[in-house]
Amino acid sequence: MNPKPTITLKSGVYLFIIISTFKITEASYQAYLTRCSNPDRSIGVLAISSGDTFSYTGAMENYIQTGTYFFDNGKERVYAGRMPYYSLPYLLFRNFFNLAAAYDAVVIFQVVIESLAILYFGLTLLMLGCSKITYWIGVLLLIFSYNFSHSSNYISPESLTSSLILIFIYTYLSYVNKKNNTNLFVLGLMIALLACLKAYMVLLFIPVGVQFLIEEIKEPNMINSLRRVVSRTAIVSIPLVVVLTPWIIRNYGVYKKFVPLQITTTAGYSYTEADFAYRKFVQAWGGDIIFWEKSAAGCYFIPTPEIHCEFKFPTYVFTDKYGIEEIKNVRDKYVKLQGSFSPVLEEQVVSEFNNLTSIYKKERPFRYYLLTPLILAKRFIVNSGSYYLPIHSSNPCYHPIQLLLKIWTSGLYWVTLTFGVIGAFYLLNREPETWVVVSIPIIVIILFPIFLRSIEWRMFEPLFSEFLLLSLIFFDAIYHRRRITHKNPFV
(Lines give C-alpha, C1' and ligand atoms only; values in the text may rest on other atoms or scores of the structure.)
Protein backbone atom coordinates (compact mmCIF):
# COMPACT_ATOMS: atom_id res chain seq x y z
CA MET A 1 0.00 0.00 0.00
CA ASN A 2 1.32 3.41 -0.94
CA PRO A 3 1.82 6.23 1.58
CA LYS A 4 -1.15 8.56 1.97
CA PRO A 5 -1.48 10.41 -1.36
CA THR A 6 -2.12 14.13 -1.57
CA ILE A 7 -3.21 16.63 -4.17
CA THR A 8 -2.43 20.32 -4.12
CA LEU A 9 -5.03 22.60 -2.56
CA LYS A 10 -5.42 24.54 -5.80
CA SER A 11 -6.02 21.47 -7.99
CA GLY A 12 -8.28 19.98 -5.33
CA VAL A 13 -10.46 23.10 -5.21
CA TYR A 14 -10.69 23.28 -9.00
CA LEU A 15 -11.61 19.62 -9.26
CA PHE A 16 -14.16 19.94 -6.45
CA ILE A 17 -15.86 22.86 -8.26
CA ILE A 18 -15.97 20.92 -11.53
CA ILE A 19 -17.40 17.81 -9.84
CA SER A 20 -20.01 19.84 -7.94
CA THR A 21 -21.09 21.60 -11.14
CA PHE A 22 -21.68 18.32 -12.93
CA LYS A 23 -23.47 16.81 -9.93
CA ILE A 24 -25.79 19.79 -9.54
CA THR A 25 -26.62 19.48 -13.24
CA GLU A 26 -27.44 15.79 -12.79
CA ALA A 27 -29.57 16.56 -9.73
CA SER A 28 -31.44 19.27 -11.67
CA TYR A 29 -32.20 16.85 -14.50
CA GLN A 30 -33.44 14.16 -12.13
CA ALA A 31 -35.63 16.75 -10.36
CA TYR A 32 -37.07 17.75 -13.74
CA LEU A 33 -37.91 14.14 -14.67
CA THR A 34 -39.44 13.47 -11.25
CA ARG A 35 -41.61 16.61 -11.42
CA CYS A 36 -42.94 15.30 -14.73
CA SER A 37 -43.68 11.77 -13.54
CA ASN A 38 -44.56 12.38 -9.88
CA PRO A 39 -45.19 16.11 -9.29
CA ASP A 40 -46.57 15.40 -5.81
CA ARG A 41 -43.10 14.26 -4.69
CA SER A 42 -41.44 17.53 -5.62
CA ILE A 43 -40.91 19.65 -2.48
CA GLY A 44 -38.52 22.21 -3.94
CA VAL A 45 -36.74 23.09 -7.14
CA LEU A 46 -34.28 20.24 -6.54
CA ALA A 47 -35.68 18.37 -3.55
CA ILE A 48 -37.77 15.20 -3.79
CA SER A 49 -39.60 13.64 -0.87
CA SER A 50 -39.06 10.00 0.00
CA GLY A 51 -41.32 7.71 1.96
CA ASP A 52 -39.28 8.50 5.07
CA THR A 53 -38.93 12.29 4.76
CA PHE A 54 -41.70 12.90 7.30
CA SER A 55 -39.82 10.95 9.98
CA TYR A 56 -36.52 12.76 9.38
CA THR A 57 -36.93 16.43 8.46
CA GLY A 58 -40.61 16.25 9.36
CA ALA A 59 -39.64 15.51 12.96
CA MET A 60 -37.13 18.36 12.88
CA GLU A 61 -39.76 20.73 11.48
CA ASN A 62 -41.96 19.81 14.45
CA TYR A 63 -39.03 20.72 16.69
CA ILE A 64 -38.74 24.09 14.95
CA GLN A 65 -42.45 24.78 15.28
CA THR A 66 -43.17 23.31 18.73
CA GLY A 67 -39.83 22.84 20.47
CA THR A 68 -40.31 19.05 20.57
CA TYR A 69 -38.65 16.55 18.26
CA PHE A 70 -41.23 14.00 17.09
CA PHE A 71 -43.22 12.73 14.14
CA ASP A 72 -46.80 11.48 14.01
CA ASN A 73 -47.11 7.89 12.77
CA GLY A 74 -50.87 8.14 12.29
CA LYS A 75 -51.66 6.75 15.72
CA GLU A 76 -49.36 8.54 18.13
CA ARG A 77 -46.39 10.81 18.43
CA VAL A 78 -43.01 9.08 18.14
CA TYR A 79 -40.27 10.91 20.04
CA ALA A 80 -37.36 8.57 19.36
CA GLY A 81 -37.99 7.33 15.84
CA ARG A 82 -35.27 8.57 13.54
CA MET A 83 -32.17 10.03 15.13
CA PRO A 84 -32.01 13.81 14.55
CA TYR A 85 -28.48 13.96 13.14
CA TYR A 86 -29.40 13.69 9.45
CA SER A 87 -31.74 16.65 9.88
CA LEU A 88 -29.23 18.97 11.55
CA PRO A 89 -28.27 20.63 8.22
CA TYR A 90 -31.99 21.13 7.58
CA LEU A 91 -32.34 22.78 11.00
CA LEU A 92 -29.50 25.15 10.11
CA PHE A 93 -30.93 26.06 6.69
CA ARG A 94 -34.45 26.43 8.09
CA ASN A 95 -33.23 29.36 10.20
CA PHE A 96 -32.58 31.30 7.00
CA PHE A 97 -34.95 29.89 4.37
CA ASN A 98 -38.54 28.86 3.90
CA LEU A 99 -39.52 25.19 3.73
CA ALA A 100 -38.88 24.59 0.00
CA ALA A 101 -35.61 26.55 -0.06
CA ALA A 102 -34.36 24.69 3.04
CA TYR A 103 -35.04 21.37 1.33
CA ASP A 104 -33.15 22.53 -1.75
CA ALA A 105 -30.27 23.63 0.48
CA VAL A 106 -30.16 20.08 1.92
CA VAL A 107 -29.89 18.70 -1.62
CA ILE A 108 -27.02 21.09 -2.40
CA PHE A 109 -25.34 20.05 0.87
CA GLN A 110 -25.67 16.38 -0.14
CA VAL A 111 -24.17 17.15 -3.55
CA VAL A 112 -21.26 18.96 -1.89
CA ILE A 113 -20.51 15.96 0.35
CA GLU A 114 -20.90 13.69 -2.68
CA SER A 115 -18.32 15.75 -4.59
CA LEU A 116 -15.96 15.59 -1.63
CA ALA A 117 -16.43 11.82 -1.45
CA ILE A 118 -15.46 11.50 -5.13
CA LEU A 119 -12.17 13.25 -4.33
CA TYR A 120 -11.57 10.74 -1.52
CA PHE A 121 -12.50 7.93 -3.91
CA GLY A 122 -9.70 9.02 -6.23
CA LEU A 123 -7.22 9.34 -3.37
CA THR A 124 -8.14 5.83 -2.20
CA LEU A 125 -7.30 4.46 -5.64
CA LEU A 126 -3.89 6.14 -5.46
CA MET A 127 -3.32 4.87 -1.93
CA LEU A 128 -3.97 1.33 -3.16
CA GLY A 129 -1.29 1.71 -5.80
CA CYS A 130 -3.41 2.50 -8.84
CA SER A 131 -2.11 4.70 -11.64
CA LYS A 132 -3.10 8.29 -12.37
CA ILE A 133 -5.01 7.01 -15.40
CA THR A 134 -7.13 4.77 -13.18
CA TYR A 135 -7.56 7.69 -10.77
CA TRP A 136 -9.04 9.88 -13.50
CA ILE A 137 -11.19 7.08 -14.91
CA GLY A 138 -12.59 6.43 -11.42
CA VAL A 139 -13.36 10.09 -10.77
CA LEU A 140 -15.04 10.48 -14.17
CA LEU A 141 -17.13 7.33 -13.73
CA LEU A 142 -18.49 8.56 -10.39
CA ILE A 143 -19.13 12.02 -11.82
CA PHE A 144 -21.30 10.55 -14.58
CA SER A 145 -22.87 7.79 -12.50
CA TYR A 146 -26.52 7.89 -11.48
CA ASN A 147 -25.88 4.63 -9.63
CA PHE A 148 -23.94 6.70 -7.11
CA SER A 149 -25.97 9.91 -7.29
CA HIS A 150 -29.54 8.66 -7.58
CA SER A 151 -30.42 9.73 -4.03
CA SER A 152 -28.87 13.21 -4.23
CA ASN A 153 -32.30 14.81 -4.60
CA TYR A 154 -34.04 12.76 -1.96
CA ILE A 155 -34.55 14.07 1.56
CA SER A 156 -33.33 10.90 3.22
CA PRO A 157 -29.92 9.65 4.41
CA GLU A 158 -29.02 7.40 1.46
CA SER A 159 -26.96 10.03 -0.38
CA LEU A 160 -24.87 10.97 2.64
CA THR A 161 -24.46 7.30 3.55
CA SER A 162 -23.07 6.49 0.10
CA SER A 163 -20.65 9.41 0.37
CA LEU A 164 -19.48 8.71 3.90
CA ILE A 165 -18.79 5.04 3.14
CA LEU A 166 -16.19 6.20 0.62
CA ILE A 167 -14.63 8.53 3.18
CA PHE A 168 -14.75 5.73 5.78
CA ILE A 169 -12.79 3.45 3.41
CA TYR A 170 -10.16 6.16 2.97
CA THR A 171 -9.87 6.76 6.73
CA TYR A 172 -9.58 3.03 7.43
CA LEU A 173 -6.78 2.63 4.88
CA SER A 174 -5.09 5.72 6.36
CA TYR A 175 -5.16 3.99 9.74
CA VAL A 176 -3.72 0.79 8.21
CA ASN A 177 -0.98 2.87 6.59
CA LYS A 178 -0.12 4.67 9.79
CA LYS A 179 -1.48 3.22 13.01
CA ASN A 180 -1.69 6.23 15.31
CA ASN A 181 -4.38 7.57 17.63
CA THR A 182 -5.30 10.45 15.32
CA ASN A 183 -6.16 8.17 12.41
CA LEU A 184 -7.94 5.84 14.83
CA PHE A 185 -10.08 8.66 16.20
CA VAL A 186 -10.98 9.86 12.70
CA LEU A 187 -11.93 6.29 11.81
CA GLY A 188 -14.22 6.20 14.84
CA LEU A 189 -15.72 9.54 13.82
CA MET A 190 -16.66 8.16 10.40
CA ILE A 191 -18.32 5.10 11.95
CA ALA A 192 -20.21 7.40 14.32
CA LEU A 193 -21.46 9.58 11.47
CA LEU A 194 -22.56 6.53 9.47
CA ALA A 195 -24.32 5.04 12.51
CA CYS A 196 -26.15 8.33 13.06
CA LEU A 197 -27.44 8.19 9.48
CA LYS A 198 -28.17 4.47 9.39
CA ALA A 199 -28.36 2.70 12.74
CA TYR A 200 -27.20 -0.64 11.28
CA MET A 201 -23.85 0.94 10.37
CA VAL A 202 -22.89 0.49 14.01
CA LEU A 203 -22.07 -3.06 12.87
CA LEU A 204 -18.87 -1.67 11.33
CA PHE A 205 -17.40 -1.82 14.82
CA ILE A 206 -17.36 -5.62 14.51
CA PRO A 207 -14.82 -5.98 11.65
CA VAL A 208 -12.79 -3.06 12.99
CA GLY A 209 -12.66 -4.68 16.43
CA VAL A 210 -11.68 -8.03 14.92
CA GLN A 211 -8.89 -6.26 13.04
CA PHE A 212 -7.56 -4.92 16.34
CA LEU A 213 -7.33 -8.51 17.59
CA ILE A 214 -5.65 -9.70 14.38
CA GLU A 215 -3.00 -6.97 14.75
CA GLU A 216 -2.05 -8.41 18.13
CA ILE A 217 -2.43 -12.12 17.44
CA LYS A 218 1.31 -12.74 17.02
CA GLU A 219 2.40 -10.67 20.00
CA PRO A 220 3.93 -12.88 22.72
CA ASN A 221 2.84 -10.69 25.66
CA MET A 222 -0.89 -11.28 25.97
CA ILE A 223 -1.42 -8.66 28.68
CA ASN A 224 0.17 -5.88 26.65
CA SER A 225 -1.70 -7.01 23.56
CA LEU A 226 -5.00 -6.92 25.44
CA ARG A 227 -4.25 -3.43 26.73
CA ARG A 228 -3.59 -2.16 23.21
CA VAL A 229 -6.82 -3.73 21.93
CA VAL A 230 -8.82 -2.13 24.75
CA SER A 231 -7.10 1.21 24.17
CA ARG A 232 -7.81 1.18 20.43
CA THR A 233 -11.41 0.12 21.03
CA ALA A 234 -11.90 2.98 23.49
CA ILE A 235 -10.42 5.56 21.11
CA VAL A 236 -12.45 4.41 18.10
CA SER A 237 -15.63 4.39 20.23
CA ILE A 238 -15.27 7.89 21.71
CA PRO A 239 -16.97 9.77 18.82
CA LEU A 240 -20.09 7.58 18.87
CA VAL A 241 -20.35 7.76 22.66
CA VAL A 242 -20.04 11.55 22.58
CA VAL A 243 -22.60 11.92 19.78
CA LEU A 244 -25.17 9.50 21.21
CA THR A 245 -25.00 10.50 24.88
CA PRO A 246 -27.29 13.60 24.57
CA TRP A 247 -29.77 11.57 22.51
CA ILE A 248 -29.80 8.72 25.06
CA ILE A 249 -30.28 11.12 27.98
CA ARG A 250 -33.10 12.91 26.17
CA ASN A 251 -34.83 9.61 25.30
CA TYR A 252 -34.60 8.39 28.87
CA GLY A 253 -36.33 11.58 29.97
CA VAL A 254 -39.16 10.91 27.51
CA TYR A 255 -39.58 7.12 27.73
CA LYS A 256 -37.92 6.33 31.08
CA LYS A 257 -35.86 3.60 29.42
CA PHE A 258 -32.59 3.15 27.55
CA VAL A 259 -33.04 4.00 23.85
CA PRO A 260 -29.58 4.32 22.24
CA LEU A 261 -30.62 4.55 18.58
CA GLN A 262 -34.36 4.35 17.89
CA ILE A 263 -37.43 3.29 19.82
CA THR A 264 -38.11 0.17 17.71
CA THR A 265 -36.50 -1.65 14.80
CA THR A 266 -39.15 -0.03 12.57
CA ALA A 267 -38.33 3.45 13.92
CA GLY A 268 -41.76 3.82 15.50
CA TYR A 269 -43.76 3.45 12.29
CA SER A 270 -47.36 2.36 12.85
CA TYR A 271 -47.24 -1.15 11.48
CA THR A 272 -50.03 -3.40 12.73
CA GLU A 273 -49.76 -7.03 13.79
CA ALA A 274 -51.45 -7.88 10.49
CA ASP A 275 -48.69 -6.02 8.61
CA PHE A 276 -46.01 -8.07 10.35
CA ALA A 277 -47.91 -11.33 9.77
CA TYR A 278 -48.28 -10.51 6.05
CA ARG A 279 -44.57 -9.71 5.79
CA LYS A 280 -43.55 -12.95 7.47
CA PHE A 281 -45.65 -14.95 5.03
CA VAL A 282 -44.33 -13.22 1.91
CA GLN A 283 -40.75 -13.31 3.19
CA ALA A 284 -41.10 -17.03 3.97
CA TRP A 285 -41.02 -17.89 0.27
CA GLY A 286 -38.81 -15.01 -0.90
CA GLY A 287 -41.38 -12.46 -2.00
CA ASP A 288 -40.75 -8.73 -2.13
CA ILE A 289 -42.95 -6.74 0.28
CA ILE A 290 -42.46 -3.42 -1.56
CA PHE A 291 -45.93 -2.31 -2.67
CA TRP A 292 -44.84 0.42 -5.11
CA GLU A 293 -43.11 -2.00 -7.50
CA LYS A 294 -45.51 -3.46 -10.07
CA SER A 295 -43.62 -6.77 -10.23
CA ALA A 296 -43.34 -7.23 -6.43
CA ALA A 297 -45.65 -9.32 -4.24
CA GLY A 298 -46.32 -6.24 -2.16
CA CYS A 299 -48.51 -4.61 -4.82
CA TYR A 300 -50.81 -7.65 -4.75
CA PHE A 301 -51.30 -7.54 -0.99
CA ILE A 302 -51.28 -3.74 -0.66
CA PRO A 303 -52.93 -2.49 -3.88
CA THR A 304 -52.85 1.20 -4.79
CA PRO A 305 -54.74 2.89 -7.66
CA GLU A 306 -51.60 4.30 -9.29
CA ILE A 307 -49.78 0.94 -9.50
CA HIS A 308 -50.87 -1.56 -12.15
CA CYS A 309 -49.75 -4.71 -10.37
CA GLU A 310 -48.23 -7.39 -12.61
CA PHE A 311 -47.15 -9.84 -9.90
CA LYS A 312 -47.67 -13.54 -10.55
CA PHE A 313 -47.18 -16.20 -7.88
CA PRO A 314 -44.36 -18.65 -8.64
CA THR A 315 -45.41 -22.27 -8.23
CA TYR A 316 -43.08 -22.87 -5.28
CA VAL A 317 -45.25 -20.57 -3.14
CA PHE A 318 -47.97 -23.21 -2.93
CA THR A 319 -47.99 -26.41 -0.88
CA ASP A 320 -50.22 -29.47 -0.68
CA LYS A 321 -52.17 -27.82 2.16
CA TYR A 322 -52.90 -24.43 0.60
CA GLY A 323 -53.13 -22.83 -2.82
CA ILE A 324 -54.09 -19.57 -4.47
CA GLU A 325 -57.63 -19.61 -3.06
CA GLU A 326 -56.41 -19.64 0.55
CA ILE A 327 -53.95 -16.83 -0.20
CA LYS A 328 -56.60 -14.78 -2.00
CA ASN A 329 -59.01 -15.24 0.89
CA VAL A 330 -56.65 -13.82 3.52
CA ARG A 331 -55.42 -11.17 1.07
CA ASP A 332 -58.98 -9.87 0.56
CA LYS A 333 -59.45 -9.63 4.32
CA TYR A 334 -56.12 -7.84 4.65
CA VAL A 335 -57.08 -5.31 1.96
CA LYS A 336 -60.39 -4.72 3.74
CA LEU A 337 -58.50 -4.19 6.99
CA GLN A 338 -56.33 -1.55 5.32
CA GLY A 339 -59.44 0.40 4.41
CA SER A 340 -61.25 0.02 7.72
CA PHE A 341 -59.39 -1.21 10.79
CA SER A 342 -61.14 -3.70 13.03
CA PRO A 343 -59.51 -5.56 15.95
CA VAL A 344 -61.63 -8.64 15.23
CA LEU A 345 -60.72 -8.65 11.55
CA GLU A 346 -57.06 -8.06 12.36
CA GLU A 347 -57.04 -11.08 14.63
CA GLN A 348 -58.43 -13.19 11.77
CA VAL A 349 -55.88 -11.86 9.29
CA VAL A 350 -52.97 -12.43 11.67
CA SER A 351 -54.13 -15.96 12.43
CA GLU A 352 -54.56 -16.90 8.76
CA PHE A 353 -51.27 -15.40 7.61
CA ASN A 354 -49.43 -17.08 10.48
CA ASN A 355 -51.08 -20.38 9.62
CA LEU A 356 -49.92 -20.12 6.00
CA THR A 357 -46.41 -19.28 7.15
CA SER A 358 -46.35 -22.20 9.55
CA ILE A 359 -47.54 -24.58 6.83
CA TYR A 360 -44.89 -23.34 4.43
CA LYS A 361 -42.11 -23.81 6.98
CA LYS A 362 -43.25 -27.37 7.69
CA GLU A 363 -43.95 -28.36 4.09
CA ARG A 364 -40.91 -26.70 2.51
CA PRO A 365 -38.20 -26.43 5.21
CA PHE A 366 -35.30 -26.63 2.75
CA ARG A 367 -36.68 -23.78 0.68
CA TYR A 368 -37.65 -21.72 3.75
CA TYR A 369 -34.33 -21.97 5.59
CA LEU A 370 -31.88 -22.12 2.69
CA LEU A 371 -33.30 -21.30 -0.74
CA THR A 372 -35.42 -18.32 0.31
CA PRO A 373 -32.48 -16.30 1.72
CA LEU A 374 -30.51 -17.11 -1.43
CA ILE A 375 -33.42 -16.03 -3.65
CA LEU A 376 -33.70 -12.74 -1.76
CA ALA A 377 -29.93 -12.18 -1.90
CA LYS A 378 -30.02 -12.77 -5.65
CA ARG A 379 -32.92 -10.33 -6.15
CA PHE A 380 -31.15 -7.83 -3.90
CA ILE A 381 -28.13 -7.82 -6.20
CA VAL A 382 -29.35 -9.02 -9.60
CA ASN A 383 -31.49 -6.35 -11.24
CA SER A 384 -31.34 -3.99 -14.20
CA GLY A 385 -29.31 -1.48 -12.19
CA SER A 386 -31.44 1.36 -13.57
CA TYR A 387 -35.07 0.47 -12.86
CA TYR A 388 -35.34 3.18 -10.20
CA LEU A 389 -34.66 6.05 -12.63
CA PRO A 390 -37.71 8.19 -13.55
CA ILE A 391 -37.25 7.23 -17.20
CA HIS A 392 -40.19 5.38 -18.72
CA SER A 393 -42.71 5.82 -21.52
CA SER A 394 -45.48 6.95 -19.14
CA ASN A 395 -43.40 9.97 -18.05
CA PRO A 396 -44.78 13.07 -19.88
CA CYS A 397 -41.18 14.28 -20.32
CA TYR A 398 -39.98 10.99 -21.80
CA HIS A 399 -37.79 11.04 -24.89
CA PRO A 400 -36.28 7.93 -26.53
CA ILE A 401 -32.78 9.39 -26.18
CA GLN A 402 -33.16 8.98 -22.40
CA LEU A 403 -32.80 5.25 -22.98
CA LEU A 404 -29.10 5.90 -23.50
CA LEU A 405 -28.91 7.02 -19.86
CA LYS A 406 -30.65 3.83 -18.73
CA ILE A 407 -28.36 1.68 -20.87
CA TRP A 408 -25.29 3.48 -19.50
CA THR A 409 -26.51 3.12 -15.91
CA SER A 410 -27.34 -0.58 -16.32
CA GLY A 411 -24.09 -1.32 -18.14
CA LEU A 412 -21.98 0.43 -15.52
CA TYR A 413 -23.83 -1.39 -12.74
CA TRP A 414 -23.20 -4.84 -14.21
CA VAL A 415 -19.58 -4.26 -15.16
CA THR A 416 -18.94 -2.79 -11.70
CA LEU A 417 -20.71 -5.62 -9.88
CA THR A 418 -19.06 -8.42 -11.86
CA PHE A 419 -15.51 -7.18 -11.73
CA GLY A 420 -15.95 -5.69 -8.26
CA VAL A 421 -16.39 -9.21 -6.87
CA ILE A 422 -13.24 -10.34 -8.69
CA GLY A 423 -11.44 -7.22 -7.50
CA ALA A 424 -12.38 -8.01 -3.90
CA PHE A 425 -10.60 -11.37 -4.06
CA TYR A 426 -7.61 -9.79 -5.78
CA LEU A 427 -7.30 -7.04 -3.18
CA LEU A 428 -7.70 -9.46 -0.27
CA ASN A 429 -4.89 -11.58 -1.64
CA ARG A 430 -2.67 -8.55 -2.21
CA GLU A 431 -3.52 -6.51 0.90
CA PRO A 432 -5.02 -8.77 3.61
CA GLU A 433 -5.77 -5.86 5.97
CA THR A 434 -8.32 -4.53 3.47
CA TRP A 435 -10.70 -7.32 4.51
CA VAL A 436 -12.52 -4.76 6.67
CA VAL A 437 -13.37 -2.81 3.51
CA VAL A 438 -14.52 -5.95 1.69
CA SER A 439 -16.67 -6.90 4.70
CA ILE A 440 -19.02 -3.92 4.22
CA PRO A 441 -21.11 -5.43 1.38
CA ILE A 442 -21.00 -8.81 3.12
CA ILE A 443 -22.50 -7.27 6.28
CA VAL A 444 -25.25 -5.53 4.30
CA ILE A 445 -26.14 -8.65 2.31
CA ILE A 446 -26.25 -10.84 5.42
CA LEU A 447 -28.31 -8.28 7.32
CA PHE A 448 -31.00 -7.40 4.79
CA PRO A 449 -31.86 -10.21 2.36
CA ILE A 450 -30.66 -13.08 4.57
CA PHE A 451 -31.43 -12.07 8.18
CA LEU A 452 -34.21 -9.48 7.81
CA ARG A 453 -35.41 -10.87 4.46
CA SER A 454 -35.93 -7.37 3.16
CA ILE A 455 -34.70 -6.01 -0.17
CA GLU A 456 -34.81 -2.46 -1.49
CA TRP A 457 -32.48 -0.64 -3.86
CA ARG A 458 -31.78 2.04 -1.24
CA MET A 459 -30.20 -0.63 0.96
CA PHE A 460 -27.80 -1.71 -1.79
CA GLU A 461 -27.17 1.75 -3.23
CA PRO A 462 -24.38 2.75 -0.77
CA LEU A 463 -22.40 -0.33 -1.88
CA PHE A 464 -22.16 0.59 -5.57
CA SER A 465 -19.20 2.94 -5.21
CA GLU A 466 -17.22 0.31 -3.28
CA PHE A 467 -17.79 -2.26 -6.01
CA LEU A 468 -16.62 0.35 -8.52
CA LEU A 469 -13.49 0.91 -6.43
CA LEU A 470 -12.75 -2.83 -6.33
CA SER A 471 -13.35 -3.29 -10.06
CA LEU A 472 -11.01 -0.41 -10.92
CA ILE A 473 -8.29 -1.89 -8.72
CA PHE A 474 -8.63 -5.16 -10.64
CA PHE A 475 -8.57 -3.47 -14.06
CA ASP A 476 -5.58 -1.40 -13.02
CA ALA A 477 -3.72 -4.54 -11.99
CA ILE A 478 -4.45 -6.19 -15.32
CA TYR A 479 -3.43 -3.10 -17.26
CA HIS A 480 -0.08 -2.90 -15.50
CA ARG A 481 0.35 -6.71 -15.31
CA ARG A 482 1.07 -6.67 -11.60
CA ARG A 483 1.75 -9.95 -9.89
CA ILE A 484 -0.42 -10.92 -6.94
CA THR A 485 2.06 -11.02 -4.10
CA HIS A 486 2.01 -9.88 -0.50
CA LYS A 487 5.60 -8.69 -0.44
CA ASN A 488 5.68 -6.45 -3.47
CA PRO A 489 2.31 -6.02 -5.21
CA PHE A 490 3.55 -3.25 -7.47
CA VAL A 491 6.25 -5.09 -9.45
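In this text the structure is predicted, and so the values were computed from the model without any measurement.
When the side-chain contact (heavy atoms from CB on, under 4.5 Å) test is applied to L99, the partners found at least two apart in sequence or on another chain are E61, Y90, R94, Y103. With sequence neighbours left out, D72 forms a salt bridge (charged side-chain N to carboxylate O under 4.0 Å, His left out) with no residue at all. Listed by chain and number, the residues in a salt bridge (charged side-chain N to carboxylate O under 4.0 Å, His left out) with K75 amount to none (sequence neighbours excluded). For E216, the salt bridge (charged side-chain N to carboxylate O under 4.0 Å, His left out) partners two or more places apart in sequence, or in a different chain, are R228, R232. Residues forming a salt bridge (charged side-chain N to carboxylate O under 4.0 Å, His left out) with E352 (at least two apart in sequence, or on another chain): K333.
Side-chain contact between F353 and F276 is absent, with no heavy-atom pair separated by less than 4.5 Å. Side-chain contact between F460 and W457: present, with at least one pair of heavy atoms (C-beta onward) separated by less than 4.5 Å. N147 is not listed as a side-chain neighbour of L142, based on a closest heavy-atom distance of 4.5 Å or more. I43 is not listed as a side-chain neighbour of I48, based on a closest heavy-atom distance of 4.5 Å or more. Contact of the W435 side chain with the I214 side chain is registered, since non-hydrogen atoms from C-beta on lie closer than 4.5 Å. Within the 4.5 Å cutoff, side-chain heavy atoms of L261 are placed close to those of M83. A heavy-atom distance below 4.5 Å is found between the side chains of L173 and L128. Inter-residue side-chain proximity for I169 and F121 is flagged as unmet; no heavy-atom pair is nearer than 4.5 Å.
Among residue pairs with one or both ends in residues 271-285, none qualify as salt bridge (charged side-chain N to carboxylate O under 4.0 Å, His left out); sequence neighbours excluded. Within the structure, salt bridge (charged side-chain N to carboxylate O under 4.0 Å, His left out) contacts touching residues 450-464 (residues at least two apart or in different chains) are D52-R458, E158-R458, E456-R458. Applying the salt bridge (charged side-chain N to carboxylate O under 4.0 Å, His left out) rule to pairs touching residues 392-407 yields nothing, sequence neighbours excluded. Screening residues 244-260 for side-chain hydrogen bond (donor to acceptor under 3.5 Å, both in side chains) gives no qualifying pairs among residues at least two apart or on separate chains. Listed by first then second residue, pairs satisfying salt bridge (charged side-chain N to carboxylate O under 4.0 Å, His left out) with a partner in residues 411-425 number zero, not counting sequence neighbours. Within the structure, the side-chain hydrogen bond (donor to acceptor under 3.5 Å, both in side chains) test picks out the following pairs touching residues 373-386 (sequence neighbours left out): S386-S410.
The backbone N or O of A47 lies less than 3.5 Å from a partner atom in the side chain of D104, making a donor-acceptor pair. Looking only at distances, no side-chain donor or acceptor of D288 sits under 3.5 Å from a matching main-chain atom of A297. Judged by distance alone, the side chain of S145 and the main-chain N or O of F148 form a donor-acceptor pair under 3.5 Å. Side chain of N73 to backbone of V78: no donor-acceptor contact under 3.5 angstrom is found. Without hydrogens or angle criteria, T319 side chain to E363 main chain gives no donor-acceptor distance under 3.5 Å. Side chain of T409 to backbone of Y146: no donor-acceptor contact under 3.5 angstrom is found. Judged by distance alone, the side chain of T171 and the main-chain N or O of F168 form a donor-acceptor pair under 3.5 Å. A donor-acceptor contact shorter than 3.5 Å links the side chain of N153 to the backbone of L46. No donor-acceptor pair closer than 3.5 Å links the side chain of T134 to the backbone N or O of C130. The main-chain N or O of G268 is found under 3.5 Å from a side-chain atom of T264 such that the two form a donor-acceptor pair.
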_Could you go through V176 and V436, starting from their C-alpha distance and side-chain angles, then the distance that decides it, and tell me whether this counts as side chain to side chain contact (heavy atoms under 4.5 Å, CB included)?_
CA-CA 11 Å; V176 170; V436 172; over 6 Å; no
_Trace of the ring-ring contact (aromatic ring centres under 6.0 Å, His included) decision for Y120 with Y170_ = CA-CA 7 Å; Y120 276 101; Y170 177 82; 4.9 Å; yes
*Determine, step by step, whether Y172 and Q211 satisfy the side chain to side chain contact (heavy atoms under 4.5 Å, CB included) criterion, reporting the C-alpha distance in whole Å, the side-chain angles of both residues, the deciding distance to 0.1 Å, and the verdict.*
CA-CA 11 Å; Y172 172 74; Q211 177 59 27; 3.5 Å; yes
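The nearest pair of heavy atoms linking F109 to P89 is CE2-CG, 3.7 Å. Between V259 and A80, the shortest heavy-atom distance links the atoms CG1-CB, 4.1 Å. Taking both residues in full, the closest heavy atoms of N354 and A277 are given as OD1-CB, 3.6 Å, listed atom of the first, atom of the second, then distance. The minimum heavy-atom distance linking I290 with E293 is given by the pair CG2-CG, 3.6 Å. Taking both residues in full, the closest heavy atoms of Q110 and S156 are given as OE1-O, 3.5 Å, listed atom of the first, atom of the second, then distance. Closest heavy-atom contact between S42 and R35: OG-CG, 3.4 Å.
For R82 and Y86, the side-chain atoms include no donor-acceptor pair closer than 3.5 Å. Side-chain polar atoms of E306 and W292 form no donor-acceptor pair below 3.5 angstrom. Side-chain contact check for T53 and S50: at least one donor-acceptor pair (N or O, by modelled atom type) lies under 3.5 Å. A donor and an acceptor atom, one from each side chain of S152 and E114, are located under 3.5 Å apart. Side chains of Q402 and Y29: a donor on one and an acceptor on the other come within 3.5 Å.
For D40, the CG atom counts as densely surrounded, since its 6.0 Å shell holds more than 12 non-hydrogen atoms of other residues, nucleotides or ligands. Heavy-atom neighbours of F425 CZ from other residues, nucleotides or ligands within 6.0 Å: at or below the threshold of 12. Other residues, nucleotides and ligands place more than 12 heavy atoms under 6.0 Å from the CD atom of E310. Dense packing is recorded around CG of L404, with more than 12 heavy atoms of other residues, nucleotides or ligands lying under 6.0 Å away.
Annotation: Y63 is not in aromatic contact with Y79 [ring centroid separation under 6.0 Å not met]. In this structure, F291 has its ring center no closer than 6.0 Å to that of F301.
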I'd like a table of donor-acceptor pairs (distance under 3.5 Å, sequence neighbours excluded) in which one partner is a side-chain atom from residues 465-474, with atom names and distances.
residue, atom, partner, partner atom, Å
S471, OG, F467, O, 3.2
S471, OG, L468, O, 2.8

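Taking the six-membered ring for Trp and thresholds of 30 and 60 degrees, H150 and Y154 have ring planes inclined between 30 and 60 degrees apart. Note on ring orientation: taking the six-membered ring where Trp is involved, the planes of F313 and F311 are perpendicular (angle over 60°, cut-offs 30° and 60°). Under the 30°/60° scheme for interplanar angles, the aromatic rings of Y360 and Y322 are found to be tilted.
Within the cation-pi definition used here (under 6.0 Å to the ring centroid, within 45° of the axis), R77 does not qualify as a partner of F71.
The distance from atom CG of L160 to atom CD1 of I167, rounded to the nearest 0.5 Å, is 9.5 Å.
Looking at K336 and D332, no side-chain N of the basic residue comes within less than 4.0 Å of a carboxylate O on the acidic one, giving no salt bridge.
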